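Bear in mind that the values here come from a model prediction, so they are computed numbers and not experimental data. Quick note: residue numbers are just sequence positions, from 1.
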Amino acid sequence: MTDLSGPARLARWMFVLPAAAYLLLFFGYPLVKNVVMSFQKYTTTTFYTGAAPFVGLLNYSRILSSELFSEAVANTVLFTAASVLGQFVIGLFLALFFQRRFPLGGILRGLLLLPWLMPLVVTGTTWRRMLDPETGAVNALLRGLHLSASGVPWLTSTSHALVSVIVVSVWVGIPFNTVILHSGLQSLPGHLFEAAKLDGAGPVRSFRHVTWPLLRPVVSVVLVLDVVYTVKVLDIILVVTGGGPADATETVATRAYELSFQQFDFGRGAVLGNVLIALSLLFALVYLRVDRRARNV
C-alpha cells in the first residue's frame, strides 16, 4: 500500500467528509429521531410545549397488539411480494424483447418510461377513474366484450381492492425493471451467446445457462430496490382506495400515515416507520445472503 503523506491524507478526507456529513444529517439524524420518537408520547402539543414524555414500550405494545396491525402486515407482505414478482417478470420479458432490433424499437422503449415518469398522484387518480365500478373504462370494456354483465367491483369489494392496487403498482414499476435489466443485458459479452449458439443451445438453454448466471448481480440489485421501494408505497394506495374498503388495502405505510398525519399520534406512527425499516433490512439481508451462497456454489 502507498503511504500517503499528510497533505494527501488530508485531501482524501476533505473529499469524504462532505458525503459523510450529508449522510449523517439527512439519513442518520432522521433515523435516530424516529427511533427515539417511538418511545415518546409525541403529539401536536409537543411542537408548542416541547414536552414529549417517554412512555417506554407502550407505543410498541399498543401497535403490536392491535388486530389492524397484523392485517396491515399481511397486506404489506402480499402487496410487496405480488408487486415485485409482477414487475420483475414482465420487466425481464420486455428487456429480453427489446434486445432484438426492430423498427420503432427506440420509440417504444421511450414510451415505456411514461408510467415511471408520471407523478404517482396522477397515476393513482387515472387508475381510480379507470377502475370505477360504474363509469370506469375497464368495466366498460368488460361489458362491451360480454365478459361481465354488471362489471367488477374493483374498488368497493374487499376481495378485489388489493388486487387493484397491486395491478397499479406493477404497472408503475415495470419501466424501472425493464430499463435496469435491459442495461444489464446490453453489458453481457456477445461472444458467449455466439459460442452457445454454435454448441446448439436454443433460446431457452441460452437464457438458462448464459444469460441468467451473468445477469444475477443486476437481478439482485433490482429485486432489493424493488422491495425497498414497494414495501413503503403510500401514494398509490391512498389515492386509489384510501386503505379501504374495510381496511382491505391497509398496509403498514398507510397505517403509519393515518396515525401520524390524521390522528397526529407521531409516537405510534414512528413505531410503524421502524417496522417498515426492519422489514426492508430483513429482506435485503436474507436475499443478499441467499444470492451470495448461490454464487459460491
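- For residues 40-69, the set of pairs meeting the salt bridge (charged side-chain N to carboxylate O under 4.0 Å, His left out) definition, not counting sequence neighbours, is empty.
- For Thr230 (side chain) and Val227 (main-chain N/O), no donor-acceptor pair under 3.5 Å exists by modelled atom type.
- Side-chain N or O atoms of Thr249 include one that pairs as donor or acceptor with a backbone N or O of Gly244 at under 3.5 Å.
- Applying the salt bridge (charged side-chain N to carboxylate O under 4.0 Å, His left out) test to every pair with at least one member in residues 244-260, sequence neighbours left out, gives these pairs: Arg255-Glu258.
- No side-chain heavy atom of Pro119 sits less than 4.5 Å from a side-chain heavy atom of Asp235.
- In the hydrophobic clustering of ILVMFWY residues, with side-chain heavy atoms under 4.5 Å counting as a link, Val165 and Val138 come out together.
- Taking 4.5 Å as the limit, some side-chain heavy atom of Phe54 sits within range of a side-chain heavy atom of Val36.
- For the pair Thr125/Val121, a side-chain contact is recorded, criterion being any heavy-atom separation below 4.5 Å from C-beta on.
- Note on Val172 and Met130: same hydrophobic cluster, where clusters join Ile, Leu, Val, Met, Phe, Trp and Tyr whose side-chain heavy atoms are under 4.5 Å apart, directly or indirectly.
- Aromatic ring orientation, Phe207 versus Trp212: tilted (interplanar angle from 30° to 60°).
- Remark: the backbone N or O of Tyr42 is not paired with any side-chain donor or acceptor of Thr46 at under 3.5 angstrom.
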Practice problem: Begin with the C-alpha distance, continue with both residues' side-chain angles, and end with the deciding distance and a verdict on side-chain contact (heavy atoms from CB on, under 4.5 Å) for Trp127 and Val168. | Solution: CA-CA 7 Å; Trp127 273 96; Val168 179; 3.6 Å; yes
Quiz item: Does the side-chain contact (heavy atoms from CB on, under 4.5 Å) test come out yes or no for Phe176 and Tyr229, once each step is laid out?
Solution: CA-CA 11 Å; Phe176 173 78; Tyr229 172 79; over 6 Å; no
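- Atom OG1 of Thr178 is separated from atom CG of Leu112 by 5.0 Å, given to the nearest 0.5 angstrom.
- Annotation for Phe26: hydrophobic cluster partners, listed by chain and number, are Tyr22, Leu23, Leu25, Phe27 (ILVMFWY side-chain heavy atoms under 4.5 Å, direct or chained).
- With a 4.5 Å cut-off between side-chain heavy atoms of Ile, Leu, Val, Met, Phe, Trp and Tyr, the cluster of Phe15 takes in none.
- The CG atom of Leu259 lies 9.5 Å from the OG1 atom of Thr254; values are rounded to the nearest 0.5 Å.
- Within the 4.5 Å cutoff, no side-chain heavy atoms of Val35 are placed close to those of Val32.
- The stretch residues 121-132 participates, sequence neighbours left out, in no salt bridge (charged side-chain N to carboxylate O under 4.0 Å, His left out) pair at all.
- Shown here for Gly269 and Ser260, the closest heavy-atom pair between the two residues is CA-OG, 3.4 Å.
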Validation: residues 80-93 side-chain donor-acceptor distances under 3.5 Å, sequence neighbours left out:
residue : atom : partner : partner atom : Å
Thr80   : OG1  : Thr76   : O            : 2.7
Ser83   : OG   : Phe79   : O            : 2.7
Ser83   : OG   : Ser169  : OG           : 3.2
Gln87   : NE2  : Ser169  : O            : 3.0
Gln87   : NE2  : Ser169  : OG           : 3.4

Indicate every side-chain donor-acceptor pair of residues 271-286 with a distance under 3.5 Å to a residue at least two apart or in another chain.
residue : atom : partner : partner atom : Å
Asn274  : OD1  : Asn34   : ND2          : 2.6
Asn274  : ND2  : Ser38   : OG           : 3.3
Asn274  : ND2  : Tyr60   : OH           : 3.0
Asn274  : ND2  : Ala270  : O            : 3.4
Ser280  : OG   : Leu276  : O            : 3.0

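- Considering only heavy atoms from C-beta on, Val240 stays 4.5 Å or farther from Ile237 through its side chain.
- Under a hydrophobic-cluster definition in which Ile, Leu, Val, Met, Phe, Trp and Tyr are linked whenever side-chain heavy atoms come within less than 4.5 Å, directly or via other members, Leu96 and Leu223 are assigned to the same cluster.
- Under a hydrophobic clustering in which Ile, Leu, Val, Met, Phe, Trp and Tyr are joined whenever their side-chain heavy atoms come within less than 4.5 Å, directly or via other members, Leu113 and Leu225 fall into the same cluster.
- To the nearest 0.5 Å, atom CD1 of residue Ile166 and atom CG of residue Asn75 are 9.0 Å apart.
- Looking only at side-chain heavy atoms (C-beta outward), Leu120 and Val239 stay at 4.5 Å or farther from each other.
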If you look only at distance, which donor and acceptor atoms sit under 3.5 Å apart when one is on a side chain in residues 141-155 and the other is two or more places apart or in another chain?
residue : atom : partner : partner atom : Å
Arg143  : NH2  : Glu134  : O            : 3.4
Ser148  : OG   : Gly151  : N            : 2.9
Trp154  : NE1  : Asn139  : OD1          : 3.0

Exercise. Starting from the C-alpha separation in whole Å, work towards a yes-or-no answer on side-chain contact (heavy atoms from CB on, under 4.5 Å) for Leu185 and Phe98.
Key: CA-CA 10 Å; Leu185 290 171; Phe98 283 118; over 6 Å; no
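- Here the NE2 atom belonging to His182 is positioned 10.5 Å from the OG atom belonging to Ser187, to the nearest 0.5 angstrom.
- Minimum heavy-atom separation, Leu131 to Ser164: CD1-CB, 3.9 Å.
- As a member of the Ile/Leu/Val/Met/Phe/Trp/Tyr network built from side-chain separations under 4.5 Å, Val55 groups with Leu58.
- Under a hydrophobic-cluster definition in which Ile, Leu, Val, Met, Phe, Trp and Tyr are linked whenever side-chain heavy atoms come within less than 4.5 Å, directly or via other members, Tyr29 and Phe39 are assigned to different clusters.
- A search for side-chain contact (heavy atoms from CB on, under 4.5 Å) contacts involving Phe97 returns Phe102, not counting sequence neighbours.
- Nearest heavy-atom pair, Thr123 versus Pro115, reported as atom, atom and distance to 0.1 Å: OG1-O, 4.3 Å.
- At least one side-chain heavy atom of Leu181 sits under 4.5 Å from a side-chain heavy atom of Val219.
- Shortest non-hydrogen contact noted between Val231 and Val228 is CG1-O, 3.6 Å.
- Shown here for Ala246 and Thr158, the closest heavy-atom pair between the two residues is CB-CG2, 4.1 Å.
- With side-chain heavy atoms closer than 4.5 Å counting as contact, directly or through intermediates, Val204 stands alone and belongs to no larger hydrophobic cluster.
- In this structure, the side chains of Phe69 and Leu64 come closer than 4.5 Å at one or more pairs of heavy atoms.
- Among pairs with a residue in residues 259-286, those fulfilling salt bridge (charged side-chain N to carboxylate O under 4.0 Å, His left out) read Asp265-Arg268, at least two apart in sequence or across chains.
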